[in-house]
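Some notes on the structure that comes next.
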Amino acid sequence: MTAETSQTLDRGLRVLKLLADTDHGLTVTELSKKLGVNRTVVYRLLATLEQHALVRRDLGGRARVGLGVLRLGRQVHPLVREAALPALRSLAEDIGATAHLTLVDGADALAVAVVEPTWTDYHVAYRAGFRHPLDRGAAGRAILTARQKTALADHPGYTLTQGELEAGACGAAAPLVGVSGVEGSVGVVMLADAVPERVGPRVLDAAREVADALR
């Protein structure tokens, strides 16, 4: 902690991070041990966070992340979209295919930003807001592969698919790596029999650009 920072705010944010990392919640005693502070401090932190609906406590007294974080989360997509657009534009123009940024939304992959190329005679129409299961399509499969960190050692870093979401369309996507709090991928979708060889590495570069912009 430095003179310019708030110890109370720091502790409150640490509480939220601890609760976000568990599915079953934490007791006051558990939080007290993890934070290295006494139970009275934890009670005050939880009470304040509860007032803002950022934390809730169940009947057993375990604290969990509250629904108030969803209201904050809704503001994340526009910020992420804005940061990703330059890399997506460059990717779409370079490849001549529709580029997209996709984020995890529950069990689905949700397209939050889409850029179509300006110089092609035809391309795949793909809209922001389009969603599909994570286990279908390059965008979702790239995210699932990134979750299996042991598989990445022998993986090229990008995922290719053909005809999984639309007949005659194929896709390439690479996951966002090293971005805290954001799970997603950058990819392209095109009308082709197969993804050209240079597309995978180019998509991987674009994903790195977006990740750098978000750090």
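On a predicted model such as this, the values are computed, not experimentally measured, just so you know. This chain uses plain numbering: 1 for the first residue, then up along the sequence.
- Arg14 CZ to Leu9 CG: the interatomic distance, rounded to the nearest 0.5 Å, is 12.0 Å.
- The closest side-chain heavy-atom distance from Val15 to Leu26 is not below 4.5 Å.
- Rounding to the nearest 0.5 angstrom, the gap separating the CD atom in Glu183 from the OG1 atom in Thr102 is 12.0 Å.
- Taking a 6.0 Å sphere around CG of Asp21, one finds it holds more than 12 heavy atoms contributed by other residues, nucleotides or ligands.
- Atom CD of Glu82 sits in a sparse spot, with 12 or fewer heavy atoms from other residues, nucleotides or ligands closer than 6.0 Å.
- Minimum interatomic distance between Met190 and Ile95 (heavy atoms only, all atoms of both residues): CE-CG2, 3.8 Å.
- Linking ILVMFWY side-chain heavy atoms closer than 4.5 Å, directly or via other members, places Leu46 and Val41 in a single hydrophobic cluster.
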With side-chain hydrogen bond (donor to acceptor under 3.5 Å, both in side chains) as the criterion, how do Arg202 and Ser90 come out once you've worked through the C-alpha distance, each side chain's angles and the decisive distance to 0.1 Å? CA-CA 10 Å; Arg202 179 63 181 85; Ser90 176; 3.0 Å; yes
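- Distance check, rounded to the nearest 0.5 Å: CZ of Arg64 to CZ of Arg57 gives 13.0 Å.
- Remark: side-chain polar atoms of Arg11 are not paired, donor with acceptor, to backbone N or O of Leu35 under 3.5 angstrom.
- With rounding to the nearest 0.5 Å, the separation of NZ in Lys33 from OG1 in Thr27 is 8.0 Å.
- Interatomic distance, OG1 of Thr29 versus CZ of Arg39, reported as 3.5 Å (0.5 Å rounding).
- Nearest approach of Pro175 to Ala207, heavy atoms of both residues: O-CB, 3.7 Å.
- A 4.5 Å side-chain heavy-atom check between Leu13 and Asp10 finds every atom pair outside the cut-off.
- The main-chain N or O of Glu93 is found under 3.5 Å from a side-chain atom of Trp119 such that the two form a donor-acceptor pair.
- Checked by atom type and distance alone, the side chain of Thr159 never pairs as donor or acceptor with a backbone atom of Ala138 at under 3.5 Å.
- Taking the six-membered ring where tryptophan is involved, the planes of Tyr126 and Phe130 are perpendicular, since the angle between them exceeds 60° and thus also 30°.
- A donor-acceptor contact shorter than 3.5 Å is absent between the side chain of Ser32 and the backbone of Val28.
- Side-chain N or O atoms of Arg141 include one that pairs as donor or acceptor with a backbone N or O of Asp135 at under 3.5 Å.
- Of all heavy-atom pairs between Gly25 and Arg62, the closest is O-NH2, 3.0 Å.
- Taking all atoms of both residues into account, the shortest heavy-atom contact from Leu45 to Gly12 is CD2-N, 4.0 Å.
- The hydrophobic cluster containing Ile143 does not contain Val188, counting ILVMFWY residues as joined when their side-chain heavy atoms lie under 4.5 angstrom apart, directly or transitively.
- Under a 4.0 Å N-O distance rule, the pair Arg127/Glu116 qualifies as a salt bridge.
- In terms of heavy-atom proximity, Val195 sits nearest to Ala172 at CG1-CB, 4.2 Å.
- With rounding to the nearest 0.5 Å, the separation of CZ in Arg136 from OG1 in Thr161 is 10.0 Å.
- The shortest heavy-atom contact between Arg215 and Gly178 is NE-O, 3.2 Å.
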